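Written out below as structure tokens is the structure these notes cover.
Remember, predicted model here, so these are calculated numbers, not experimental data. A, B, ... follow the sequence lines: proteins, then strands. Residue 1 opens every chain.
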Protein chains: 2
Amino acid sequence: MIPEDELLKLENQLCFAFYACSREITKLYRPILSKLGLTYTQYITLLALWEKDGIGVKELGARLYLDSGTLTPLLKKLESQGLLTRTRSKADERNVIIELTDEGRALKTRAAEVPAQLYSGAGLRQEELEPLRAQLQSLLRKVDEAVES
Amino acid sequence: MIPEDELLKLENQLCFAFYACSREITKLYRPILSKLGLTYTQYITLLALWEKDGIGVKELGARLYLDSGTLTPLLKKLESQGLLTRTRSKADERNVIIELTDEGRALKTRAAEVPAQLYSGAGLRQEELEPLRAQLQSLLRKVDEAVES
DNA sequence: ATAAATTAGATTTTATACAATTTAATTTGA
DNA sequence: TCAAATTAAATTGTATAAAATCTAATTTAT
């Protein structure tokens, strides 16, 4: 049990550890991704699309935990860079289907180097951090459940 | 060792687990903090100041891993809410000293309820997550080192 | 069949984030 | 000692984030 006076200390907050870690990790990616002309959010959006494209903004947002207010301008930006196309679905015109272009697919080859560069640059070992990643995924599911309810 | 085709999968990225967790946790705080009239970033800024105020923007930013471009408008906002004052230091006029007002200090009492509300609302136990928090702190130090270098 | 409800995206507003530049003040070194 | 270097904030520009609202399209329930 954490005593009263320790309760609000910054370093005792799990939320702050996440918040600060997330931003510092993003900083680590910045110089690596800038060589590909991508920001961090654009990168994870492409990670999702390399796994599965031809989907609507809604499904993409669900996988990234991002909503249309964030994705619409970001996808327009990637479209203007020629990495993907945005097309209204004929079956249901409310849907905008996101599809990678050849150029967008080709970028995956160059991106394949990113994880190794990231880990070695920070002196980290991916294998060692695998249990942590699994733990975070499970916490993410739990928190997401609480947010949705 | 993660095989080639698994390398770029979204769910295998530690960075994405951090990124998504951080944003989902922030969402969990939103309804609780809105009762205090605070955003999440304002809340952690106050956590830092409740521990130690009378400091400059630089030192505050170092503790929060935030720079002046983020803090200046945020601190002006909290100043306009009457929670703190921003005063040029007489010893060195380049420094803007941040000091809590009585109202700012008083808010700490109401904020003392926040962590418990957060954890119980999400069905989490603070004690159980303590080892995770410690692990993140240590990773944060390591990543920060790599970012600085 | 058609009004009501729902759904998908886009837009608007507010609030972060951070790099890069600018301004003002202080410190340092020849 | 005083020009050069350094430092602290503020400002500017670009890119997220997310709530709230809006528009258009589709579904549904009667």
Has [X] got a side-chain N or O lying under 4.0 Å from the OP1 or OP2 atom of [N]?
{"X": "B:R86", "N": "D:dA10", "value": "yes"}
{"X": "A:N95", "N": "C:dT7", "value": "no"}
{"X": "A:K76", "N": "C:dT11", "value": "yes"}
{"X": "B:T39", "N": "C:dT16", "value": "yes"}

Assign each of A:K77 and A:L66 the nucleotide of DNA chain D bearing its closest heavy atom; nearer the 5' end lies the nucleotide of A:K77

Whichever of B:L71 and B:E24 has the more 5' nearest nucleotide on DNA chain D, that residue is B:L71

Ring pair (Phe, Tyr, Trp, His ring centres under 6.0 Å) pairs touching residues 31-61 of chain A, sequence neighbours excluded, are A:Y29-A:Y40, A:Y29-A:Y43, A:Y40-B:Y19

### Close side-chain approach of B:I55 to B:K52, heavy-atom, < 4.5 Å
yes

Check: So, do B:E103 and B:Q81 sit near enough that their side-chain heavy atoms are less than 4.5 Å apart?
Finding: no

Practice problem: Report which part of the nucleic acid B:D67 touches: base, sugar-phosphate, or nothing (heavy-atom distance under 4.0 Å, all strands). | Solution: base

Output for pair (A:L107 CG, A:T101 OG1), nearest 0.5 Å, gives 9.0 Å

CD1 (A:I44) and CG (A:L66) are apart, to the nearest 0.5 Å, by 5.5 Å

Checklist entry - Are A:R86 and A:E79 close enough for a salt bridge, meaning some N to O gap below 4.0 Å? => result yes

Expected list for residues 40-65 of chain A near DNA chain C, using heavy atoms below 4.0 Å, is A:G56, A:V57, A:K58

Atom-to-atom span, [atom1] of [X] to [atom2] of [N] - whole angstrom:
{"X": "A:R30", "N": "C:dC18", "atom1": "CZ", "atom2": "P", "value": "6 Å"}
{"X": "A:L38", "N": "D:dT14", "atom1": "CG", "atom2": "P", "value": "18 Å"}
{"X": "B:E93", "N": "C:dT23", "atom1": "CD", "atom2": "P", "value": "18 Å"}
{"X": "B:L28", "N": "D:dA19", "atom1": "CG", "atom2": "P", "value": "12 Å"}
{"X": "B:R88", "N": "C:dA24", "atom1": "CZ", "atom2": "P", "value": "10 Å"}
{"X": "A:K27", "N": "C:dA20", "atom1": "NZ", "atom2": "C1'", "value": "15 Å"}
{"X": "B:L33", "N": "C:dT16", "atom1": "CG", "atom2": "C1'", "value": "15 Å"}
{"X": "A:E79", "N": "C:dG9", "atom1": "CD", "atom2": "C1'", "value": "14 Å"}

The residue, A:R94 or A:T72, whose nearest nucleotide of DNA chain C is more 5′ is A:R94

The residue, A:R23 or A:T70, whose nearest nucleotide of DNA chain C is more 5′ is A:T70

Could you list the donor-acceptor pairs under 3.5 angstrom formed between side-chain atoms of residues 134-142 of chain B and any protein atom two or more places apart in sequence or on another chain?
unit_1 : atom_1 : unit_2 : atom_2 : d
B:Q137 : NE2    : A:E11  : O      : 3.2

Per atom distances to the B:L74 side chain, the nearest of D:dA19, C:dA25, C:dT16 is C:dT16

Residues A:A111 and A:P115: closest non-hydrogen pair is O-CD, 3.5 Å

